[in-house]
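This report refers to the structure that appears directly beneath it.
Order of the sequence lines fixes the chain letters, A, B, ..., with proteins taken first and strands second; residue numbering starts at 1 for each chain. Note that these values count all heavy atoms, side chains included, but never hydrogens, waters or copies made by symmetry.
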Amino acid sequence: MNERNSPGEQAMDHEVAPPLLEVRDLKVTFAGRVGLGAGILGRKATQSRAVDGVSLQLRQGEVLALAGESGCGKTTTARAIMGLEPPREGQILFQGKRISKGLRAYRRKVQMIFQDPTGALNPRQTIYESVAEGLRIHRIHQGPHGQTEQELVARALSRAGMRPPERFFLNYPHELSGGQRQRVVIAGALVLDPVMLVADEPVSNLDASVRGEILRLLLQVRDDLGLAILVVTHDLGLAWTIADRVAVMYLGRIVEIGPAEDVLTKPLHPYTKALLNVVPEAGGLDRPILTGEPPDPTRIPPGCRFHPRCPEVATGAARAAGVEDRCRGEDLGLIELRPGHFAACHLAAVTVGESREISTSQP
Amino acid sequence: MSLLSVRDLFVNYRTQGGPVPAVRGVDIEIGKGEVLGLAGESGCGKSTIAGALLRLLPTGTEVTGSILLNGEDVLGMKPGRLRAVRWTETSIVFQGAMHALNPVQRVGEQIEEAILIHQQAGDREARLRVGSLLEHVGLPQRRIRDYPHELSGGQRQRVMIAMALACNPSLIIADEPTTALDVMVQAQVLKLLKELQREFGLAMLFITHDLSVLIEVCDRLAVMYAGRIVEEGPAQSVFYESAHPYTRALSAAFPAIGEGRFRRAPSGLPGDPPYPQDLPDGCTFHPRCPVAFEACPHIDPRLFDVTPGWRAACLLVDSAKSELEGARTPGSGP
Amino acid sequence: MARIPAVPTGTEPGPEFRGSLGEDRVPHTPRAITWKRRRRAVTQFWSIYRKNGMGMAGLYILVIFGAIALLAPVISSSRGLDPTLANGPILAGPSLKYPLGTDDLGRSVLTMTIWGSRISLMVGLMATVLTMIIGASVGIVAGYRGRWVDALLMRITDWFLVIPWLALAIVLASILGQSLFIIVVVIAVTSWPSTARVVRAQVLSVKQRPFVERARALGASDWHLVTRHVLPNVFPVIFANTILVVAIAILSETTLSFLGLGDPLHVSWGTILEFAYDAGATSLGAWWWLVAPGVCIVLVVLAFTMCGYAFDEILNPRIRER
């Protein structure tokens with residue numbers, strides 16, 4: 001019906017096109033520190049498995065939300081994707097090529113939006129310089145159509161909603177409000193005409209009434225420019241607002257991934273269900289709330305890593321379905337339980353029925 | 001009689017650039033056992049109110065108006081009486097409470113300190129009380145001997161709540177008590193607060209920027225903007241049927257998952273919350289208001305009744321409109 | 001600092017909106033923008049500094065002493081330092097002809113003080129330059145590189161930190177002879193470690209800040225990160241530290257000279273004090289001989305310290321500004 005789809009829509013139509021970003025079994029560990037004496041005595045540092053086997057794909061024009069609580073590894077995953085954190089195992093492929101070969105070229109095409117817009121801008125640089133930084137680092141003196149650096153910066157600021165852009169060239173970050181600073185960060189990312197954005201909690205440090213505008217900007221950028229966006233967030237409401245697909249992480253793994261409508265309204269994994277239960281609403285405090293806190297990544301439980309806190313195990317539902325032993329003893333990966341909707345849960349696998357192993361399809 | 005009665009509260013900070021009005025005429029009323037939520041964004045003055053209630057603001061800050069705690073005027077109290085009142089009648093759970101603990105002192109001792117300062121009990125009795133307080137907040141008694149760094153964020157917050165309860169106050173002021181916590185821990189802490197409130201019949205002033213959290217715990221809700229309360233009333237009405245456009249926008253920032261109208265439709269307000277140093281004329285919200293009309297930049301609305309017990313400071317409220325009409329004399333323009 | 005009023009984005013700003021310079025024209029080239037920013041940073045800093053009473057008092061004192069040192073050949077003759085040409089009254093108190101009195105050889109104390117300022121200030125400055133070069137370089141490399149480089153450099157720093165500077169001066173002077181060069185070296189060698197530590201701490205703190213990571217995510221090389229982001233944010237600390245190091249260096253030179261380790265061929269405030277003390281000025285009651293150089297030293301060191309404090313005061317609130 002539409003003769004001219006926006007680049008975003010066009011991108012979404014190409015379901016069969018190869019994914020832009022592919023992460024395969026990513027593992028990132030942080031070693032604790034061992035003092036000199038203890039090291040001599042042969043004591044090894046504790047390993048914190050921040051990311052413990054994450055696989056995902058991102059297509060052009062798609063918005064994928066990586067959601068979870070603190071310590072689940074979502075930020076580390078995003079940083080590894082940006083090349084800021086060296087993976088211990090696994091591969092990150094962009095447009096089919098490993099990012100470790102050709103990191104600099106990769107960084108032109110993939111940009112990051114940071115959680116703290118105030119910290120992300122050098123307080124001694126003007127807005128112009130902050131936005132032009134990317135161009136200068138990559139020694140780009142002219143745009144693809146012959147534009148000057150000044151024109152490119154103006155265009156980026158304009159796209160980020162700062163109009164007229166020239167008014168802001170000589171300002172310093174502390175002269176702007178939080179929302180404006182985040183727009184400058186976004187402009188700094190857009191100036192290089194990237195193909196993908198990685199946004200780490202892009203609005204959590206902003207006032208609530210300002211968040212909507214920034215989120216609207218991200219969606220607009222996706223619609224107008226066809227960018228793929230990976231959004232890291234702890235806020236499932238945000239995922240509901242802007243994401244096409246949602247991946248829920250727990251203790252270094254993705255435990256559920258699928259289209260946002262499915263994951264957020266018909267969740268399959270008990271952890272996702274628990275998270276959705278606690279989204280505040282009137283009179284809701286009598287709902288079941290998980291007890292305790294997530295164990296730290298140095299001591300990951302055996303079997304399904306969620307089993308010690310899983311309400312299905314605690315209430316006996318797992319035993320009734322006959323899967324409790326597997327929950328306690330058998331680690332598992334994502335299983336496609338509905339088309340495009342994967343979950344890593346023994347109980348769900350049994351109750352939902354169909355289960356195609358992950359080897360044949362990637363989330 | 002109300003536990004807390006605040007009338008015409010004005011707070012001006014003293015800065016190099018002159019006085020900065022953080023609170024510009026606020027009335028608050030909390031009855032015994034009642035929970036009032038105070039919501040707003042940065043710069044609206046809500047944390048200032050928390051400090052003002054117990055005179056904890058920096059010296060030199062101008063505080064005018066009347067603050068009556070159990071009928072006693074807080075602003076006129078002598079220092080000795082003020083110290084006695086602090087914590088025994090009203091206590092605070094601070095923002096960033098987790099960092100408010102002394103890192104080199106065991107948590108049990110810190111809670112004991114509160115009890116002993118107010119000479120509410122001898123040493124042994126104090127220790128027993130601490131044990132029972134920890135149980136009430138859901139921590140095992142052996143945690144008494146732990147240092148703050150041995151506890152997680154959620155556990156530290158529980159310690160702060162135990163400390164706030166130590167001297168049996170009748171009013172607790174909670175200033176962003178769950179802000180830095182994960183959603184799951186936040187839910188646990190909110191549940192705990194609600195249970196404690198019921199068990200001890202506490203009154204609470206719950207201050208936060210997260211409007212959706214207030215729906216869970218509060219009976220009444222007040223929304224602040226630019227140093228004033230712009231809407232207050234029963235929590236359900238204020239959140240779901242907001243009478244003030246700012247409240248409407250604020251609650252839309254916390255979308256209900258599952259509702260199609262929020263899907264791919266982020267809603268927010270243009271511009272930013274105003275800084276106290278340069279407030280717009282007329283209605284301070286008008287530059288960002290989606291439904292502002294010609295009168296708004298000229299008239300600063302007071303709180304008008306929407307229904308008895310529910311008020312909003314907006315010229316579009318019915319009772320405001322009729323007042324505006326009545327005020328217009330024939331022949332003169334708006 | 002004027003705050004830009006909240007403007008609904010995507011619309012034309014109203015008449016009350018102003019770019020922060022209040023001007024309509026923006027320079028045309030990126031280079032012009034950079035220079036404009038630098039000029040503006042300096043003028044803004046100066047307008048804040050001007051209001052700081054302590055800083056201005058210190059600055060005036062330093063300007064006066066700097067003028068005295070530079071104009072020494074103009075305002076007095078160096079022949080007044082030559083002991084063989086001295087023909088004034090011996091140990092005479094202040095008079096019209098000799099405003100600060102004379103020493104035990106008949107030389108004018110005023111002349112010696114004026115010329116002494118040159119040596120004292122010059123040695124102080126040279127020692128400071130050397131200190132800052134070594135200290136800042138070590139601090140930056142250690143802070144930025146981290147890990148084993150950091151550990152190694154810090155152990156070296158610690159080693160130098162504990163060297164007793166007086167003993168070092170005596171040893172070097174006896175081996176290599178006494179000269180200004182030795183004094184400069186001794187002061188630099190024993191002062192750079194604390195500068196290195198201060199600079200390293202600041203580099204570590206700047207390195208953590210998100211905007212450095214943002215530049216790295218944009219693809220910046222180490223060199224770009226250090227020169228464009230780390231250094232500009234470390235520079236204020238280096239500058240404030242420099243000012244205090246000068247004060248210490250001048251004091252150190254005075255001490256060494258007073259103890260007889262100074263260059264016998266050059267008159268500095270410290271050597272004046274040395275001569276005075278050796279000649280027994282205290283018991284002879286020739287207070288002018290001691291007071292003149294003493295007061296000068298105190299004033300100069302005080303002036304540098306006041307400027308340093310003013311710097312700190314100015315730098316800190318700015319960082320706190322939202």
Side-chain angles (χ1 to χ4, degrees), chain A residues 63 67-72 161 176-180 203 206-219 222-223 234-244 260-261 264-266 271 274-294 296 309, chain B residues 39-44 138 152-155 178 180-188 190-195 209-218 225 235-236 239-240 246 249-260 262-275 288:
Chain A
V63 178
E69 297 179 285
S70 54
C72 71
L176 303 182
S177 69
Q180 289 172 320
V203 295
L206 302 176
D207 281 318
S209 65
V210 175
R211 287 179 197 170
E213 290 295 298
I214 301 292
L215 292 177
R216 187 150 1 135
L217 172 63
L218 287 176
L219 278 184
R222 188 276 297 267
D223 290 338
H234 66 277
D235 181 0
L236 289 177
L238 192 154
W240 178 251
T241 307
I242 64 168
D244 301 318
E261 285 88 358
L264 296 176
T265 56
K266 296 177 281 204
Y271 180 60
L275 279 184
L276 288 167
N277 264 339
V278 294
V279 170
E281 61 185 65
L285 277 175
D286 300 319
R287 314 169 247 110
I289 300 178
L290 290 184
T291 54
E293 297 179 18
D296 68 83
R309 297 173 78 203
Chain B
E41 300 175 292
S42 53
C44 74
S152 69
Q155 289 169 325
T178 58
L181 301 173
D182 277 321
V183 279
M184 200 64 73
V185 180
Q186 175 176 284
Q188 294 168 358
L190 286 178
K191 186 168 176 193
L192 173 67
L193 282 174
K194 191 86 189 184
E195 281 167 1
H209 68 280
D210 189 338
L211 207 58
S212 56
V213 156
L214 294 179
I215 280 291
E216 302 230 342
V217 260
C218 301
Y225 190 81
Q236 299 267 6
F239 188 82
Y240 289 113
Y246 175 63
L250 204 56
S251 53
F254 300 97
I257 297 180
E259 275 185 48
F262 292 114
R263 189 89 182 96
R264 293 198 184 94
S267 77
L269 292 171
D272 301 281
Y275 290 102
R288 305 171 76 198

### Under 4.5 Å from a heavy atom of chain B, the part of A:Ala274 involved
both
### Task
With sequence neighbours left out, write down each residue that passes side-chain contact (heavy atoms from CB on, under 4.5 Å) with B:Ala256, or none if nothing qualifies.
B:Glu259, B:Phe262
### Task
Check each atom of A:Leu236 against the heavy atoms of chain B and say whether the ones under 4.5 Å are side chain, backbone, both or neither.
both
### Message
Are B:Pro274 and B:Tyr225 packed together at the side-chain level, in the sense that at least one heavy-atom pair is separated by less than 4.5 angstrom?
### Response
yes
## Note on the structure
CD1 of A:Ile289 to CE of B:Met184, rounded to nearest 0.5 Å, is 8.5 Å
### Message
Is any side-chain heavy atom of A:Asp223 closer than 4.5 Å to one of B:Arg264?
### Response
no
## Note on the structure
If one checks every heavy atom of B:Ile257 against chain A at 4.5 Å, the contacting part turns out to be both
### Message
Holding to side-chain contact (heavy atoms from CB on, under 4.5 Å), I want the full list of residues that pass it with B:Ala253, two or more places apart in sequence or in another chain.
### Response
A:Ala208
### Task
Heavy-atom distances under 4.5 Å only: say whether A:Arg216 touches chain B with side chain, backbone, both or neither.
both
## Note on the structure
Max heavy-atom pairs within cutoff under 4.5 Å with chain A, candidates B:Val185, B:Val183, B:Asp210, B:Leu211, goes to B:Val183
### Query
Does the side chain of A:Glu213 reach to within under 4.5 Å of the side chain of B:Asp272, using non-hydrogen atoms?
no
### Query
Side-chain contact, heavy-atom cut-off 4.5 Å: B:Leu269 with B:Tyr246?
yes
### Query
Between A:Gly179, A:Gly178, A:Ala243, which has the largest tally of heavy atom pairs under 4.5 Å with chain B?
A:Ala243
### Query
Is it the backbone or the side chain of B:Glu195 that comes under 4.5 Å from a heavy atom of chain A, or both, or neither?
neither
### Heavy-atom proximity to chain A below 4.5 Å, by part of B:Phe254
side chain
### Message
Checking the side chain of B:Glu41 only, and the main-chain atoms of B:His209 only, is there a donor and an acceptor separated by less than 3.5 Å?
### Response
no
### Which atoms of B:Ser42 approach chain A - backbone, side chain, both or neither, heavy atom under 4.5 Å
both
### Query
Side chain, backbone, both or neither: which part of B:Ala249 has a heavy atom under 4.5 Å from chain A?
neither
## Note on the structure
Whatever's closer than 4.5 Å to a heavy atom in chain B on A:Ser209 counts as both
